Novice: 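Attaching a single structure in structure tokens format; questions to follow.
Below, chain A is the first sequence line, B the second, and so on; all start at residue 1. Model, not experiment: these values are computed from the prediction.
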Amino acid sequence: MKRIKTSATGGKDQTPNDFFSRVYETTMLIPYGRITSYGAIARYLGSGRSARMVGWALNASHTRSELIPAHRVVNRNGLLTGKHHFGNSSTMQQLLENEGLIVDDDRVVNFREKFWDPSRELKQILVSGKK
DNA sequence: ATTCTGACAGCAA
DNA sequence: TTTGCTGCCAGAA
């Protein structure tokens, strides 16, 4: 029984349907100028209590060739908790302000106004039949 | 294999 | 109200 030994890939990548990839896909669906929270994404993916994993995934989003708008993901308070992961601690804020969001003291002021909940916004898509 | 860590969130004091 | 502890679960060491 010689299983095919999957180390052919070098021992990395693969797993296109794992939690991480779903986080990336969801994140890329966030419209320009809108934001969401880690918990919202986690809930949308089915694991409402895995918000930390969402952040963990975004942490590795750098390795992806696709540009993932991780700056559009903040915590439930609208706080830019991950700003320190954009090289410059002011990069995240600049990106958000560049999209019309108002950031003050590391917090998105118009958070509720610009909040985009995937489990709510994408619900219609799921119902439409398009997977 | 086991232990530690983490870009969160919820709940108890 | 703010502060602190706990649960979550997947990687990295």
Novice: Would you kindly give the OH-to-P distance between A:Tyr24 and B:dA7, to the nearest whole Å?
Specialist: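 In whole Å, B:dA7 P lies 14 Å from A:Tyr24 OH.
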
Novice: Would you kindly give the NE2-to-P distance between A:His84 and B:dC8, to the nearest whole Å?
Specialist: 13 Å

Novice: Quick one: side chain to side chain donor-acceptor pair (under 3.5 Å) partners of A:Glu113, sequence neighbours excluded?
Specialist: none

Novice: Kindly give the atom pairs (protein nitrogen or oxygen, nucleotide nitrogen or oxygen) under 3.5 Å for nucleotides 11-13 of chain B.
Specialist:
none

Novice: Give, ordered by number, those residues of residues 67-81 of chain A having at least one heavy-atom distance below 4.0 Å to an atom of DNA chain B; if nothing qualifies, reply none.
Specialist: A:Ala70, A:Asn75, A:Arg76, A:Thr81

Novice: Could you tell me how far apart A:Asn59 (CG) and B:dG6 (P) are, to the nearest whole angstrom?
Specialist: 10 Å

Novice: Compile the donor-acceptor pairs under 3.5 Å between side chains in residues 83-92 of chain A and protein atoms, sequence neighbours left out, one pair per line.
Specialist:
{"residue": "A:Lys83", "atom": "NZ", "partner": "A:Asp106", "partner atom": "OD1", "Å": "3.2"}
{"residue": "A:Lys83", "atom": "NZ", "partner": "A:Asp106", "partner atom": "OD2", "Å": "2.8"}
{"residue": "A:Thr91", "atom": "OG1", "partner": "A:Phe86", "partner atom": "O", "Å": "3.3"}
{"residue": "A:Thr91", "atom": "OG1", "partner": "A:Asn88", "partner atom": "O", "Å": "3.2"}

Novice: What protein N or O atoms touch nucleotides 11-13 of chain C N or O atoms at under 3.5 angstrom, if any, and at what distances?
Specialist:
{"residue": "C:dG11", "atom": "O4'", "partner": "A:Trp56", "partner atom": "NE1", "Å": "3.4"}

Novice: Do side-chain atoms of A:Ser37 reach the backbone of A:Ala40 as a donor and acceptor pair under 3.5 angstrom?
Specialist: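 Yes, the answer is positive, given that a donor and an acceptor are paired below the 3.5 Å cut-off.
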
Novice: With sequence neighbours left out, write down each residue that passes ring-ring contact (aromatic ring centres under 6.0 Å, His included) with A:Phe115, or none if nothing qualifies.
Specialist: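 Once residues adjacent in sequence are excluded, the partners of A:Phe115 under the ring-ring contact (aromatic ring centres under 6.0 Å, His included) criterion are A:Phe111.
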
Novice: Less than 4.5 Å apart, side chain to side chain, heavy atoms only: is that true for A:Thr36 and A:Tyr44?
Specialist: no

Novice: Considering only heavy atoms and no angle criterion, is a donor-acceptor pair shorter than 3.5 Å present between the side chain of A:Arg49 and the base of C:dG7?
Specialist: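 Check fails, no donor-acceptor contact within cut-off.
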
Novice: Do A:Met28 and A:Leu101 land in one hydrophobic cluster if side-chain heavy atoms of ILVMFWY residues count as linked below 4.5 Å?
Specialist: no

Novice: Would you check if A:Val54 and A:Phe19 make a side-chain contact, meaning some heavy-atom pair closer than 4.5 Å?
Specialist: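 A side-chain contact exists here, since the closest heavy-atom pair is under 4.5 Å.
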
Novice: How far apart are the closest heavy atoms of A:Gly33 and A:Glu99, and which atoms are they?
Specialist: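 Between these two residues, the closest heavy atoms are N-OE1, 2.9 Å.
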
Novice: Do A:Tyr24 side-chain atoms and A:Ala57 backbone N/O form a donor-acceptor pair below 3.5 Å?
Specialist: yes

Novice: What's the closest nucleotide to the A:Met53 side chain, out of C:dC9, B:dA7, B:dA9?
Specialist: C:dC9

Novice: Given side chains that start at C-beta, do those of A:Ile35 and A:Ile30 come closer than 4.5 Å, heavy atoms only?
Specialist: no

Novice: Which residues in residues 34-43 of chain A have a heavy atom closer than 4.0 Å to any atom of DNA chain B?
Specialist: A:Ser37, A:Tyr38, A:Gly39

Novice: Residues two or more places apart in sequence or in another chain: which of them pass side chain to side chain donor-acceptor pair (under 3.5 Å) with A:Arg43?
Specialist: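 A:Asp117.
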
Novice: Between the base of C:dC8 and the side chain of A:Arg52, is there a donor and acceptor pair under 3.5 angstrom?
Specialist: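 Side chain to base: pair present.
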
Novice: Might you point out which heavy atoms bring A:Arg107 and A:Leu79 nearest each other, and give the distance in Å?
Specialist: CB-CD1, 4.1 Å

Novice: Who are the salt bridge (charged side-chain N to carboxylate O under 4.0 Å, His left out) partners of A:Glu97, not counting sequence neighbours?
Specialist: none

Novice: Which ones in residues 88-105 of chain A lie close to DNA chain B, meaning a heavy atom under 4.0 Å from one of its atoms?
Specialist: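 Residues of residues 88-105 of chain A that come under 4.0 Å of DNA chain B do not exist, since none gets that close.
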
Novice: Is there a donor-acceptor contact under 3.5 Å linking the side chains of A:His71 and A:Gln94?
Specialist: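 No, no side-chain donor-acceptor contact under 3.5 Å.
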
Novice: With sequence neighbours excluded, what pairs up with A:Thr27 under the side chain to side chain donor-acceptor pair (under 3.5 Å) test?
Specialist: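 Testing A:Thr27 for side chain to side chain donor-acceptor pair (under 3.5 Å), a comparison that skips the adjacent residues, returns none.
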
Novice: Starting from A:Val109 and following side-chain heavy-atom contacts under 4.5 Å between hydrophobic residues (I, L, V, M, F, W, Y), which residues can be reached?
Specialist: A:Ile102

